[in-house]
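One structure is given here, and the rest of the page talks about it.
A note on names: the letters A, B, ... follow the listed sequences, proteins ahead of strands, and every chain is numbered from 1.
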Amino acid sequence: MAKDMTKKKIIIVGGGISGLLATIKVCELGGEVDLFSYCPVKRSHSLCAQGGINACMDTKGEHDSIYEHFDDTVYGGDFLADQIAVKGMVEAAPKLIKMFDRMGVPFTRTAEGTLDLRNFGGQKNKRTCFAGSTTGQQILYALDEQVRRWEVKGAVKKYEFWEFVKIIKNKEGICRGIVAQSMNTMEIKAFKGDTVILATGGPGQVFGRCTASTICNGSAVSAVYQQGAEIANPEFIQIHPTAIPGSDKNRLMSEACRGEGGRVWVWRNNPETGERERWYFLEDMYPAYGNLVPRDVASRAIFKVCEHMKLGIDGEHRVYLDLSHIDGDYLKRKLGGILEMYSEFVGKDPREVPMEIFPSVHYSMGGIWVDRLHNTNIPGLMASGECDYQYHGANRLGANSLLSAAYSGTVSGPEAMKWAKSGNKGSELTDAEMEAARQEVQNEYDKILQMNGAENAHKLHHEMGDLMYKYVAIERDNNGLDAALVELKKLLKRWDNIGITDRGNVANQEAMFVRQLRNMILYAMAIAKSARMRDESRGAHAKIVLENGQRKMDKDGELVFMGRDDERFMKVTIVNYDEKTEEPVVSYRDFDHSLIKPRARNYAVAKKE
Amino acid sequence: MAEKKVRFVIERQDGPNDKPYIQEFDVDWRPSLNVVAALMEIQKNPVTVDGKRVPPVVWECNCLEKVCGACMMVINGKARQACCALIDELKQPIELKPARTFPVIRDLLIDRTRMFEALKKIQGWIELDGSFESKEAPIQNPYTAQTAYEISHCMTCGCCLEACPNVGPQSDFIGPAPTVQAYLFNLHPLGKFDAPKRLNALMEKGGITSCGNSQNCVEVCPKSIKLTTYLAQLNRDVNIQALKNIFDN
């Protein structure tokens with residue numbers, strides 16, 4: 001059968017939940033998809049999401065409302081999320097859940113067979129649908145299955161084990177294709193597409209150890225940033241309060257642990273009686289929400305208790321997350337997967353002894369700037385999922401990430417088709433333009449293969465992670481951020497002096513990593529610079545006041561943080577790449593916050609609307 | 001001071017058609033060290049015990065939490081995920097080999113395309129009208145949903161194929177994991193509609209009749225899926241379907 005040349009071709013990079021839903025939407029609208037991924041899409045990082053997905057299903061007789069979900073999300077995000085976009089997402093949420101249910105996601109059910117709901121942080125009502133403690137895995141699999149169905153029908157062509165390297169623009173500056181490299185044969189090829197959607201996930205690896213998969217390096221985002229795509233709010237990096245610290249990665253312990261009644265504590269001497277006691281510090285500090293305060297709040301409290309009060313377990317950076325008071329069978333049913341993981345990696349059963357956890361870099365609220373339909377500032381290029389900056393403002397609520405991943409795919413897919421059909425796409429790429437783009441990538445790659453210096457790329461990566469944790473993580477100040485920028489520039493310089501031991505042409509992971517690392521360093525600079533420029537505290541970005549060059553303390557010896565400054569900083573950070581200096585240039589942009597008036601965020605008391 | 005070392009004996013191979021060879025590496029011991037973390041250390045300093053600088057070992061990994069299925073390899077003779085293979089629980093020296101049931105691309109990196117292809121064969125999806133809101137989703141029996149949840153943990157890692165004596169050049173058997181997925185979709189209230197199609201597919205060459213009931217698969221499944229139970233159940237369903245086919249014709 002002759003190929004239908006009138007069909008629209010959409011290139012989707014990334015096969016997590018967002019990329020797969022976009023793929024399905026494109027196929028349903030009659031388009032064809034070339035789907036690129038580092039790995040078989042079924043192994044994408046979405047599967048690490050554990051606790052659940054928020055949607056106002058109101059199956060628990062709590063009179064939950066979509067408005068309440070909307071308000072919790074905006075308030076939780078410290079009023080930095082585009083409110084119209086958030087409203088669209090929370091309204092769509094219950095419909096998405098019903099669709100997933102039809103698709104075969106094995107959600108945990110009540111005795112009556114309806115969807116069970118659990119509590120999650122920063123929300124007073126039960127609103128989180130879940131499939132045990134592997135909700136992301138289950139949703140990803142259902143979408144993987146649907147995409148396979150379209151693959152069989154011939155609408156999807158998968159390029160698994162292909163790495164996206166850069167976009168190709170036509171002479172009018174419109175994105176018309178990409179260059180990608182096979183990770184097995186190392187072949188470099190140019191591909192044409194009517195629209196390109198990046199759904200490449202977060203940049204966790206910029207911090208070295210994090211809860212993200214090894215493939216979440218932000219390299220693709222950094223590549224398009226260097227080609228003119230604007231980055232928004234990159235300084236807002238979510239630190240998840242409860243992870244198992246590890247030297248290869250920090251393994252997430254779901255917020256569902258606290259949702260199902262887990263309590264966080266350390267030993268202390270009671271300040272009045274002097275008696276040794278368990279101090280449930282989150283319940284003490286935040287009586288209204290207790291252990292279910294949002295992630296940024298919980299992480300800062302744990303950090304304070306360990307770092308400043310020196311009350312961590314054995315004086316180290318660890319606190320207890322305790323489930324041992326809850327019935328073992330109940331735990332197995334609700335949290336089986338992750339309890340098993342703790343036993344497996346730590347060797348202790350959380351049903352018997354409290355877990356030992358510490359905060360870890362987890363999620364990026366920021367990413368590529370997009371409009372509400374997920375178009376970037378480069379025509380023809382879209383971004384969808386964690387790699388975009390939409391929906392979460394300065395802090396994401398737990399179980400809103402699966403929702404934003406899914407919802408963004410349902411928006412970006414149809415919009416990509418609309419652009420493909422009626423957008424002002426300008427001239428077709430000529431064969432010469434395609435070949436020139438390919439050759440450029442080939443030359444860069446060949447140069448990497450020749451690198452002969454003294455530095456090891458993996459060691460440099462490790463150093464970058466350490467310095468990002470030291471200066472750009474849970475507590476920030478302008479001295480540290482200035483130092484981070486200086487250090488990152490040095491790392492960029494040292495990158496030139498990397499030596500390669502692998503010059504082979506089969507699955508050369510070392511050479512690919514070297515290319516990714518450079519992108520990571522440039523993205524790290526965008527994070528650090530944006531954090532440096534934002535002189536306030538908001539959500540995940542907490543900045544300490546400096547006085548005479550020192551961290552300011554109040555009379556009780558507590559660190560003094562900057563307050564939220566709505567007048568100057570209730571704005572989206574925009575970062576542009578300066579080709580000459582290779583440095584980030586920061587500016588600010590207004591956004592829509594017309595629906596809910598900003599108010600102070602305080603989880604010690606019940607939320608007031 | 002002599003640090004405690006862990007010795008790795010790794011079967012390497014430069015490309016799909018090259019001959020395998022052995023290289024040995026020492027890695028500094030540390031608490032809760034696992035095989036993937038050790039391979040990462042080799043990446044930072046790829047020098048063999050003979051002091052030779054070599055290209056770093058190639059393998060596949062993503063999540064390091066035993067949910068993505070990527071890092072399956074043969075460790076001390078057993079197919080398993082490398083990320084949760086704790087060094088302290090392994091006999092040393094530790095032998096790493098690629099799972100040769102699958103074509104080797106390089107070193108420990110293998111090509112598991114056949115598993116994903118098999119999922120097409122068994123029609124491993126629900127025939128949805130579309131990804132739009134069409135109606136309320138059907139109520140589901142919570143006990144059936146729990147069974148579905150168990151089977152739906154299969155991460156297509158391939159341990160069961162590597163362990164199965166009937167998967168290999170001598171047979172077309174698609175293997176335990178993809179076969180059992182058919183059972184998963186047949187449980188769903190909408191997936192049920194296409195159960196006969198899936199059962200008929202399993203009657204074909206490479207289907208369930210190729211299963212020799214050796215029970216190896218259930219022993220190695222890292223997700224503790226009761227593979228043999230569901231294979232037996234499917235076998236029954238396939239037989240009933242075969243009878244139905246006779247009478248319906």
Side-chain angles (χ1 to χ4, degrees), chain A residues 21 24-25 28 39-40 42-45 47-48 95 98-99 101-104 106-114 131-132 134 137-138 141-142 145-146 148-149 151-152 184 213-215 246-249 251-252 337 341 344-347 410 456 458-459 462 501-504 506-507 509-510, chain B residues 14-16 30 32-34 36-37 40 43-46 53-56 58 60-70 83-84 86 105-107 109 112 116 119-120 124-128 130-134 136-142 145 148-149 152-153 155-156 184-185 188 190-191:
Chain A
L21 247 173
I24 293 165
K25 289 289 180 191
E28 287 177 350
C39 56
K42 198 178 176 179
R43 306 200 198 286
S44 301
H45 178 66
L47 52 68
C48 286
K95 299 174 196 169
K98 287 176 198 165
M99 174 194 77
D101 202 2
R102 281 161 51 223
M103 266 185 197
F107 286 115
T108 302
R109 313 191 88 90
T110 64
E112 280 185 36
T114 185
T134 59
Q137 182 189 25
Q138 301 309 327
Y141 285 5
E145 290 149 12
Q146 292 299 318
R148 188 163 293 106
R149 176 172 163 235
E151 197 186 358
V152 169
N184 291 338
S213 297
T214 54
I215 46 176
S247 59
D248 50 341
K249 96 170 281 194
R251 294 179 173 85
L252 179 67
M341 185 176 84
E344 199 136 26
F345 287 94
V346 181
T410 65
N456 174 292
H458 291 282
K459 279 188 189 155
H462 194 96
T501 47
D502 192 348
R503 301 184 202 281
V506 181
Q509 295 177 340
E510 192 183 16
Chain B
D14 294 341
R30 60 170 187 247
S32 355
L33 185 69
N34 62 58
V36 167
M40 286 174 167
Q43 277 183 330
K44 286 182 194 156
N45 186 28
R53 184 160 287 275
V54 294
V58 170
E60 192 185 344
C61 72
N62 289 351
C63 77
L64 312 190
E65 291 179 5
K66 215 182 89 171
V67 276
C68 78
C83 63
C84 56
L86 299 181
I105 297 168
R106 183 177 174 184
D107 293 346
L109 178 67
R112 280 169 279 195
F116 297 103
L119 292 174
K120 294 178 184 167
W125 54 79
I126 312 276
E127 269 313 310
L128 219 61
S131 67
F132 39 80
E133 189 195 25
S134 65
E136 291 294 317
I139 290 285
Q140 290 187 38
N141 179 325
Y149 181 58
S152 190
H153 273 84
M155 50 190 182
T156 330
L184 167 66
F185 297 100
H188 190 269
L190 305 178

Out of [options], which one racks up the most heavy-atom pairs below 4.5 Å with chain B?
options                            : answer
G347(A), S247(A), C39(A), G504(A)  : S247(A)
T110(A), I215(A), V506(A), V346(A) : V506(A)
R149(A), E344(A), Q137(A)          : R149(A)
E145(A), H458(A), R148(A), R102(A) : R102(A)

Please tell me if the side chains of [X] and [Y] come closer than 4.5 Å, counting only heavy atoms from C-beta onward.
X       : Y       : answer
D502(A) : P56(B)  : yes
S131(B) : K25(A)  : yes
F132(B) : K95(A)  : no
E510(A) : Q43(B)  : no
Q140(B) : D101(A) : yes
P40(A)  : T156(B) : no
H45(A)  : N62(B)  : no

Task: Pair N456(A)-N45(B), side-chain donor/acceptor within less than 3.5 Å - done: no
Side chain from CB out, backbone as N, CA, C, O: work out which of these in [X] comes under 4.5 Å of a heavy atom of chain B, or both, or neither.
X       : result
I24(A)  : side chain
F345(A) : both
A142(A) : neither
M341(A) : side chain

Task: Residue pair C68(B) / R43(A): nearest heavy atoms and the distance that separates them - done: O-NH1, 2.9 Å
Open item on the list: Could you report the tightest heavy-atom contact between K249(A) and E65(B), atom names first, then the distance?
Closed with: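 Minimum heavy-atom contact is NZ-OE2, 2.9 Å.
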